[in-house]
Asker: 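The structure that follows is given in the form of structure tokens.
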Amino acid sequence: MLLITSDIGISFETPEKIIPTKKVILFLHGFTGSCKDWNDIIPKLPSEFQVITIDLIGHGKSDSPQVISHYTSDAITSQIHAIIQKLSLTEIILIGYSMGGRAALWYTVTHPEKVNGLILESTTPGIIDEKLRSERKNNDERLAEFIEKEEVEKFVDYWMSLPLFASQRQLKQEILEKIRNDKLNNRKTGLANSLRGFGQGVMPHLWSKLEHINCNVLLITGQLDKKFSDINSLMASSLSNVNHQIVSNAGHNVHLEKPEVFVSLINSFIKKFS
């Protein structure tokens with residue numbers, strides 16, 4: 001389905017019929033991803049929950065406008081909220097991976113009344129240090145220029161070769177090929193502007209907002225991703241109702257590398273909402 005909001009189209013997928021009394025899990029993918037990223041996870045969730053996935057702006061089937069203001073944290077929050085309002089959802093369990101986790105955090109801080117539970121996979125609330133923020137902004141701008149200059153294939157190959165994703169090389173070749181092909185469906189403008197509008201260097205950090213999140217929170221990180229495991233340990237100290245799970249022999253993308261463990265953690269968490 002496509003929702004037009006602020007003159008742009010945001011794509012999302014739902015069950016054939018939304019049942020108002022049925023609880024909702026809403027998934028948000030990471031940078032270079034799409035709704036397809038969750039295809040292997042969704043069938044393993046309890047049938048009592050209905051699942052919605054969103055293609056964030058600049059990704060998948062959603063629009064990739066030239067105007068950067070459509071990609072900011074406030075704009076993305078408004079786009080997510082427009083879909084939730086359109087579907088008349090009252091409370092949701094929100095799940096976000098990496099960039100999608102930052103979007104999930106922003107939505108939770110902005111609309112706490114809508115979020116009953118929050119699951120964040122390999123997520124950061126942003127960068128506090130101004131020097132580090134400036135360095136990240138400059139790095140993201142160089143990457144955005146690289147995306148615009150080169151073919152999408154060259155960027156995707158570069159992105160998948162980053163040390164952050166080194167642990168994914170243990171996956172079967174057919175899985176890696178499928179991931180690559182899915183990423184190739186994204187457009188250069190959308191990817192570049194996502195970095196410029198919602199990169200960690202430009203996104204206002206949310207560290208000071210964490211203490212105001214009152215819903216139950218599950219943090220998931222991979223043992224091999226020490227940077228994000230350390231960040232999430234700090235996050236856990238600022239959240240009141242939190243459980244941080246570090247998954248053995250997994251890197252940044254836990255749901256891809258260890259799907260069985262990831263599903264088990266989600267199902268255990270959502271039991272309290274049954």
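Note that the structure is predicted; figures quoted are calculated from it, not measured.
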Asker: Hey, can you pull the donor-acceptor pairs under 3.5 Å for the side chains in residues 237-245, sequence neighbours left out?
Answerer:
{"unit_1": "Ser237", "atom_1": "OG", "unit_2": "Leu234", "atom_2": "O", "d": "2.5"}
{"unit_1": "Asn241", "atom_1": "ND2", "unit_2": "Asn214", "atom_2": "O", "d": "2.8"}
{"unit_1": "Asn243", "atom_1": "OD1", "unit_2": "Gln245", "atom_2": "NE2", "d": "3.1"}
{"unit_1": "His244", "atom_1": "NE2", "unit_2": "Thr221", "atom_2": "OG1", "d": "2.9"}

Asker: Centres of the Tyr158 and Phe146 rings: under 6.0 Å?
Answerer: yes

Asker: Between Leu210 and Leu105, is any pair of side-chain heavy atoms under 4.5 Å apart?
Answerer: yes

Asker: Which label fits Phe31 and Trp159: parallel for a plane angle under 30°, tilted from 30 to 60°, or perpendicular past 60°?
Answerer: perpendicular

Asker: Going by the rule side-chain contact (heavy atoms from CB on, under 4.5 Å), which residues pair with Ala82 if we only count those two or more places apart in sequence or in a different chain?
Answerer: Leu3, Thr5

Asker: For residues Ile83 and Ile80, determine if any side-chain heavy atom of one lies less than 4.5 Å from a side-chain heavy atom of the other.
Answerer: no

Asker: Checking side chain to side chain contact (heavy atoms under 4.5 Å, CB included) between Leu256 and each of Ile41, Ile175, Leu176, which is the one that passes?
Answerer: Ile175

Asker: State yes or no: do Leu2 and Leu28 share one hydrophobic cluster built from I, L, V, M, F, W and Y residues joined by side-chain heavy-atom distances below 4.5 Å, directly or via other members?
Answerer: no

Asker: Parallel under 30°, tilted from 30 to 60°, perpendicular over 60°: which one fits the rings of His81 and Tyr107?
Answerer: tilted

Asker: Distance from Asp55 atom CG to Ser34 atom OG, nearest 0.5 Å?
Answerer: 5.5 Å

Asker: Report the relative orientation of the aromatic rings in His59 and His29; use parallel for angles under 30°, tilted for 30 to 60°, perpendicular for over 60°.
Answerer: tilted

Asker: Apply salt bridge (charged side-chain N to carboxylate O under 4.0 Å, His left out) to residues Lys226 and Asp230 and explain how you reach the verdict.
Answerer: CA-CA 6 Å; Lys226 186 177 186 304; Asp230 289 347; 2.7 Å; yes

Asker: What's the shortest heavy-atom distance between Leu224 and Gly251, and which atoms?
Answerer: CB-CA, 4.1 Å

Asker: Only pairs at least two apart or in different chains count here, so list each salt bridge (Lys or Arg N to Asp or Glu O under 4.0 Å) that has a residue in residues 153-168.
Answerer: Glu150-Lys154, Asp157-Arg180

Asker: Scan for salt bridge (Lys or Arg N to Asp or Glu O under 4.0 Å) pairs involving residues 56-74, sequence neighbours excluded, and state none if there are none.
Answerer: none

Asker: Got His252 and Ser122 here, is their nearest side-chain heavy-atom distance under 4.5 Å?
Answerer: yes

Asker: Quick one: pull up OG1 in Thr108 and CG in Leu118 and give me the separation to the nearest 0.5 Å.
Answerer: 4.0 Å

Asker: May I have all residue pairs that pass salt bridge (Lys or Arg N to Asp or Glu O under 4.0 Å) and include part of residues 3-30, sequence neighbours excluded?
Answerer: none

Asker: Give me each pair satisfying salt bridge (Lys or Arg N to Asp or Glu O under 4.0 Å) with a member in residues 195-204, each pair once, sequence neighbours excluded.
Answerer: Glu141-Arg196, Glu148-Arg196

Asker: Just so I know, are the side chains of Ile25 and Gln50 near enough to count as touching, which here means a heavy-atom distance under 4.5 Å?
Answerer: no

Asker: Please say whether more than 12 non-hydrogen atoms of neighbouring residues, nucleotides or ligands are located less than 6.0 Å from NZ in Lys272.
Answerer: yes

